[in-house]
Amino acid sequence: MKHGSVVAVALMLAACSPPAAQAPAADTSVIETAAPAAQASEIPLTREFLVGAWGDNGDCNAVSKFNADGTYEIGGAPGTWMLEGDVITMQGAGGTFQVRAQVLNQNQVLIGNPDGSVGISQRC
C-alpha cells in the first residue's frame with residue numbers, strides 16, 4: 001500500500017480491524033513532520049467541513065461518506081466518527097482508529113495516520 005493511505009483506508013481499517021482493547025492514540029507529530037510543501041489553509045477543520053464523500057489520492061471510485069449525524073459508511077461498513085481538535089476518531093465493528101487532519105483547501109485534507117504515513121483525501 002502506498003504511503004498515501006488516507007481517510008478511506010482509515011475507515012476500511014476501522015471497519016475491518018480486529019477489536020482493540022484500547023483506542024490507539026493519534027500520533028501528534030505526523031502532520032507537523034509531513035511533506036513540508038503542504039501549506040495549511042485558513043479554512044477551519046470542523047465537523048461541517050468533513051461531512052460528505054471523500055476519496056483517496058484523486059480516486060472517487062471508493063469513497064468514505066461522513067454524515068452530519070456522526071455516522072460514516074465505506075463499502076457498506078457503518079461506524080461512528082467524531083472530531084476533537086484535529087483528530088478524527090472513527091469507531092466501527094473492528095474497533096477504533098484515529099487520524100490527524102489538516103485542511104489544505106476547500107476540497108482537500110492532509111491526513112496523518114498512526115503509522116506515520118500521510119496522504120491527501122479529496123472531496124468527491
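Counting only distance, with no hydrogens or angles, the side chain of Arg123 and the backbone of Gly52 share no donor-acceptor pair below 3.5 Å. Checked by atom type and distance alone, the side chain of Asn67 never pairs as donor or acceptor with a backbone atom of Asp69 at under 3.5 Å. Of the possible polar contacts, one joining the Arg47 side chain to the Ala68 backbone as a donor-acceptor pair under 3.5 Å is found.
Screening Ile111, Val109, Val63 for a side-chain contact (heavy atoms from CB on, under 4.5 Å) involving Trp54 leaves a single residue, Val109.
Dense packing is recorded around CD of Gln106, with more than 12 heavy atoms of other residues, nucleotides or ligands lying under 6.0 Å away.
Among all heavy-atom pairs drawn from Gly112 and Val118, the shortest one is CA-CG1, 4.1 Å. Residues Ile120 and Leu110 share a closest heavy-atom pair of CG1-CD1, 4.2 Å. Minimum heavy-atom separation, Cys124 to Gly55: SG-N, 3.4 Å. Heavy-atom minimum distance, Ala101 versus Leu45: O-CD2, 3.5 Å.
Taking the six-membered ring for Trp and thresholds of 30 and 60 degrees, Tyr72 and Phe66 have ring planes inclined between 30 and 60 degrees apart.
Ile88 CD1 to Leu50 CG: the interatomic distance, rounded to the nearest 0.5 Å, is 4.5 Å.
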Are Gln122 and Asn107 close enough, and set up right, to give a side-chain contact (heavy atoms from CB on, under 4.5 Å), and what steps lead you there? CA-CA 5 Å; Gln122 76 284 338; Asn107 295 307; 5.7 Å; no

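Met82 and Phe49 are not part of a single hydrophobic cluster, where members link through side-chain heavy atoms under 4.5 Å apart.
No side-chain donor from either of Asp115 and Asn113 sits under 3.5 Å from a side-chain acceptor of the other.
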